[in-house]
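This report refers to the structure that appears directly beneath it.
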Amino acid sequence: MGVVSHLTFIIVLLAVSSSVVNSCPPSDRAALLAFKSALREPYLGIFNTWTGNDCCHNWYGVSCDPETYRVADINLRGESEDPIFQRAHRTGFMTGYISPAICKLTRLSSLTIADWKGITGEIPRCVTRLPFLRIIDLIGNQLSGTIPADIGRLHRLTVLNIADNSISGTIPGSLGNLSGLMHLDLRNNKISGPIPRNFGNLNMLSRALLSGNRLSGLIPSSISRIYRLADLDLSLNQLSGYIPASLGKMAVLATLNLDSNKLSGVVPTSLFSSTIGNLNLSKNFLEGTIPDVFGPRSYFTVLDLSYNNLKGPIPKSLSWASYIGHLDLSHNHLCGKIPAGSPFDHLEASSFTYNDCLCGKPLKAC
């Protein structure tokens with residue numbers, strides 16, 4: 001072989017080697033194809049792009065680590081502004097199930113299979129063996145079964161979103177091991193049982209959305225230890241007992257929705273002199289009076305205490321609040337004169353109806 005031919009042979013060999021190195025390994029490609037085979041997407045044709053040997057390039061919704069060329073992200077959303085959706089003039093629809101084959105993608109960092117409406121089956125148990133997983137987003141499908149009991153093994157997990165499915169069973173106690181979890185969304189499922197007592201160990205959590213389930217038992221006071229928690233929604237469940245007063249002492253809690261439960265006892269005074277600006281305690285069994293603790297620092301976009309057993313007068317200090325957008329005190333046992341001035345002068349009668357003996361604008365004169 002001549003020198004030129006020998007050099008050409010080496011260059012071709014290096015090029016071939018380079019193209020093999022700079023593409024996903026065959027094992028990752030095989031895992032993706034096995035995952036694809038369990039799903040059917042009839043309208044958009046997104047899986048038509050899953051061809052060729054290199055799943056790191058131009059496979060819709062697949063991204064790889066730029067150094068190792070291992071599959072790092074699966075991002076398949078059924079509602080998107082991607083051109084493939086705009087051309088089809090529709091949102092996505094997909095049936096089938098999530099194959100355990102995805103667990104062979106051992107460098108997977110994020111798993112998003114969201115808003116496909118028709119995907120059934122369970123969350124594969126084996127996902128808890130993916131040590132690099134940071135995001136699980138499976139919102140808006142028809143998944144059933146339970147949250148994997150050992151979900152707490154995923155120490156890197158920052159997002160767990162399984163809202164709008166048919167997940168049942170209880171919240172695993174191991175969830176409390178997810179010390180880096182920032183966003184938890186379990187809304188609109190069939191999850192029952194108590195909120196784990198160690199819930200307060202989720203010290204990085206900023207949003208905890210658990211509404212629309214069948215949760216029962218007490219609200220754990222440990223929640224108040226979550227310093228960064230800004231949004232807590234436990235509405236539309238079957239929670240009972242008292243509201244922990246410590247919730248009103250949290251540093252950044254801005255939204256507290258506890259409506260449509262079976263909570264009892266008095267409303268903690270701390271909730272009305274806190275950072276909470278969206279407070280919904282309606283449709284419970286709360287009793288006692290509304291604390292007279294409002295002032296210029298009180299700012300509520302929503303203050304809903306309707307459908308409870310509250311009695312006594314409307315506190316005069318409510319008129320000193322700097323802002324109250326939506327106020328609903330209806331369906332209680334309140335009595336006395338509605339205070340004059342703001343915010344009462346812009347509220348409708350429906351905010352005060354179905355009480356024992358309230359009077360004054362916007363109701364009948366006293």
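The shown structure was predicted, so the numbers you read here are calculated from the model rather than taken from an experiment.
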Looking just at side-chain N and O atoms, do Arg134 and Thr158 make a donor-acceptor pair shorter than 3.5 Å? no

Do the side-chain N and O atoms of Ser317 and Asp292 include a donor-acceptor pair separated by under 3.5 angstrom? yes

Ignoring hydrogens and geometry beyond distance, is a side-chain donor-acceptor pair present between Arg125 and Thr146 at under 3.5 Å? yes

Relative to the ring of Phe344, is the ring of Phe352 parallel (under 30°), tilted (30 to 60°) or perpendicular (over 60°)? tilted

So do the side chains of Leu39 and Thr95 get within less than 4.5 Å of each other, counting heavy atoms only? no

Between the OG atom in Ser168 and the CD1 atom in Ile191, the distance rounded to the nearest 0.5 Å is 8.5 Å

Mind running disulfide (SG to SG under 2.5 Å) on Cys366 and Cys359 for me, showing each step along the way? CA-CA 5 Å; Cys366 294; Cys359 60; 2.0 Å; yes

Would you say the side-chain atoms of Thr106 and Arg129 include a donor-acceptor pair closer than 3.5 Å? no

Chi angles and distances behind the salt bridge (Lys or Arg N to Asp or Glu O under 4.0 Å) call for Arg29, Asp54: CA-CA 8 Å; Arg29 179 178 178 274; Asp54 186 6; over 6 Å; no

Short side-chain donor-acceptor distance under 3.5 Å, Tyr307 and His331: yes

Cys pair Cys64, Cys55: SG separation below 2.5 Å: no

Donor-acceptor pair between Arg187 and Asn213 side chains, under 3.5 angstrom: no

Among Asn257, Asp304, Leu256, find the one that has a side chain to side chain contact (heavy atoms under 4.5 Å, CB included) with Asn278. Asn257

Hey, are Ser110 and Asp73 close enough side-chain-wise for a donor-acceptor pair under 3.5 Å? yes

Quick one, Thr353 and Leu358 - any side-chain contact, counting heavy atoms below 4.5 Å? no

Indicate yes or no: does Asp233 engage Arg207 in a salt bridge with an N to O separation below 4.0 Å. no

Aromatic rings Tyr60 and Phe85: how do their planes relate, parallel, tilted or perpendicular, breaks at 30° and 60°? tilted

